[in-house]
Amino acid sequence: MRRYLRIVVLCLACGFCSLLYAFSQLAASPEEGAGGGGGKPQAAAASWLAGGGRGGAGGVGSAGLAAHPGRSDRCKDFSLCYWNPYWMLPSDVCGMNCFWEAAFRYSLKVQPIQRMHLAVVACGERLEETITMLKSAIIFSIRPLQFHIFAEDQLHDSFKGILDSWSFLQTFNYSLYPITFPSENALEWKKLFKPCASQRLFLPLILKEVDSLLYVDTDILFLRPVDDIWSLLKKFNSTQIAAMAPEHEEPRIGWYNRFARHPYYGKTGVNSGVMLMNMTRMRRKYFKNDMTTVRLRWGDMLMPLLKKYKLNITWGDQDLLNIIFFHNPESLFVFPCQWNYRPDHCIYGSNCQEAEEEGIFILHGNRGVYHDDKQPAFRAIYEALRNCSFKDDNIRSLLKPLELELQKTVHTYCGKIYKIFIKQLTKSIQDRYDRPPKER
């Protein structure tokens with residue numbers, strides 16, 4: 001009997017030693033690669049970039065990296081600190097049992113920060129609009145953001161100077177990229193609709209390491225957190241690869257159903273000013289088309305599509321997207337008009353029911369309405385956010401003067417329903433100040 005007892009004790013002792021060795025390896029392995037983190041995200045270069053060139057990337061801040069300051073390094077000098085009596089360790093080394101903290105530090109350390117990826121393309125006189133859009137995204141969002149900014153070379157220094165001055169926020173990173181198109185057809189793509197507009201079609205091919213992305217035009221303003229539209233990705237079914245809003249709610253004033261000379265999605269087409277994409281699915285999918293009986297991948301389909309329809313399209317890349325999803329309707333998730341609210345939704349009378357009920361979520365000031373007097377309600381929202389700073393008092397005091405400005409616009413159809421412009425904005429500001437200061 002004693003012999004069996006000794007064998008059992010010996011096995012337990014061996015098992016305990018093996019367990020200690022395993023924990024020591026887990027604790028030591030993070031230290032060996034401690035210098036490998038913190039690199040700034042960079043997108044994979046498109047195959048057509050000469051010499052494999054890559055857009056310059058600049059990093060600013062990273063929210064969420066230090067939710068517990070110093071915690072990740074507390075056991076750095078005591079990787080095997082559990083060999084020492086716990087009560088003999090310095091108090092600033094391990095607040096909890098260092099045995100378990102060191103053992104599980106590896107699994108905690110490799111957790112990636114879940115950033116929301118936002119892309120924009122800026123050319124010409126679009127710097128101020130783009131900066132105002134980015135500011136609106138930062139002010140209300142909860143999770144950290146990764147901006148992918150495609151801009152003409154002469155705008156890069158201006159973007160870098162402004163975004164670097166916001167580094168104290170520590171809630172976003174950004175990468176700057178040149179405008180790039182396939183070299184053999186670059187001029188043709190650049191002239192399509194507006195300079196640089198068709199760059200968005202190539203984002204899945206350029207940002208190869210990005211799984212999902214929210215693309216927005218420069219004239220977009222977020223009136224609620226980016227987190228909320230980002231969460232729509234979870235609502236995609238297994239066949240859906242992208243999400244957009246209808247071009248029109250009222251067919252009687254629709255453009256596509258009255259004038260288009262090409263196929264378009266649904267009854268009134270879709271608007272691509274706000275486009276949520278699962279780019280991993282986009283890169284993998286083979287698309288039905290009317291050019292060949294063979295299904296084509298995204299990158300193989302774009303140029304043949306342009307060649308076939310270039311004389312029939314008016315709105316450039318948006319028309320091409322409508323053609324693609326006309327042939328692949330199962331691939332599109334359609335979100336309500338309040339996620340892409342444009343002058344068309346109120347210029348002839350209100351026709352976005354969701355916005356009337358819940359307010360505007362994302363404002364889209366197309367047709368240059370931020371810079372003229374045709375739709376003063378849109379301009380008032382833009383100027384309020386453009387002039388707003390990141391100081392808490394400034395954001396909190398934004399609403400009252402804005403409402404007074406909007407009351408001056410009631411002579412227009414959009415101004416008559418001005419309350420829908422601030423309904424969601426009021427809630428977003430209140431929610432911001434209900435969060436702990438570190439999460440703002």
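Quick note: residue numbers are just sequence positions, from 1. These numbers come from the heavy atoms of this one structure, side chains and all, not from hydrogens, waters or symmetry mates.
A distance below 6.0 Å separates the ring centres of Y177 and F150. Aromatic ring centres of Y256 and H262: separated by under 6.0 Å.
There is no side-chain donor-acceptor pair under 3.5 Å between N289 and H327. One side chain, Y215 or D217, offers a donor N or O that lies under 3.5 Å from an acceptor on the other. Checked by atom type, the side-chain pair E247/N271 shows a donor-acceptor distance below 3.5 Å. Between Q338 and H345, the side chains place no donor N or O within less than 3.5 Å of an acceptor N or O (distance only, hydrogens not considered). Side-chain contact check for Q430 and D434: at least one donor-acceptor pair (N or O, by modelled atom type) lies under 3.5 Å. Judged by distance alone, the side chains of D290 and Y309 do bring a donor and an acceptor atom under 3.5 Å apart. Under 3.5 Å, the side chains of S350 and E356 contain a donor-acceptor pair of N or O atoms.
In this structure, the separation between CD on E250 and CG on N257 is 9.5 Å, given to the nearest 0.5 Å. Atoms OH and CZ, on Y341 and F361 in that order, are 13.0 Å from each other to the nearest 0.5 Å.
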Begin with the C-alpha distance, continue with both residues' side-chain angles, and end with the deciding distance and a verdict on ring pair (Phe, Tyr, Trp, His ring centres under 6.0 Å) for F236 and F333.
CA-CA 7 Å; F236 284 19; F333 178 95; 5.5 Å; yes
So K423 and E357, salt bridge (Lys or Arg N to Asp or Glu O under 4.0 Å) or not? Walk me through it.
CA-CA 9 Å; K423 187 173 185 177; E357 295 172 356; over 6 Å; no
Determine, step by step, whether F378 and F421 satisfy the ring pair (Phe, Tyr, Trp, His ring centres under 6.0 Å) criterion, reporting the C-alpha distance in whole Å, the side-chain angles of both residues, the deciding distance to 0.1 Å, and the verdict.
CA-CA 8 Å; F378 282 77; F421 285 77; 5.3 Å; yes
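For the pair D317 and A197, the tightest heavy-atom approach, listed with the atom from each and the gap, is OD2-O, 3.3 Å.
A salt bridge links R367 and D344; the closest N-O separation between the charged side-chain nitrogens and carboxylate oxygens is under 4.0 Å. A salt bridge is defined here as a Lys NZ or Arg NE, NH1 or NH2 lying under 4.0 Å from an Asp or Glu carboxylate O, and K400 with E403 fails to meet this definition.
Using a distance-only test at 3.5 Å, with no hydrogens or angles considered, no donor-acceptor pair links the side chain of D300 to the main chain of L296. The main-chain N or O of S167 is never found under 3.5 Å from a side-chain atom of D164 such that the two would form a donor-acceptor pair.
Between W339 and F335, the angle of the ring planes goes over 60°, which puts this pair in the perpendicular group of the 30/60° scheme.
Annotation: side chain to side chain donor-acceptor pair (under 3.5 Å) contacts of Y382 (sequence neighbours excluded): E128. A search for disulfide bond (SG atoms under 2.5 Å apart) contacts involving C388 returns nothing, not counting sequence neighbours.
Cysteines C346 and C352: SG-SG separation is not under 2.5 Å.
Within the 4.5 Å cutoff, the side chain of L118 has heavy atoms near those of the F222 side chain.
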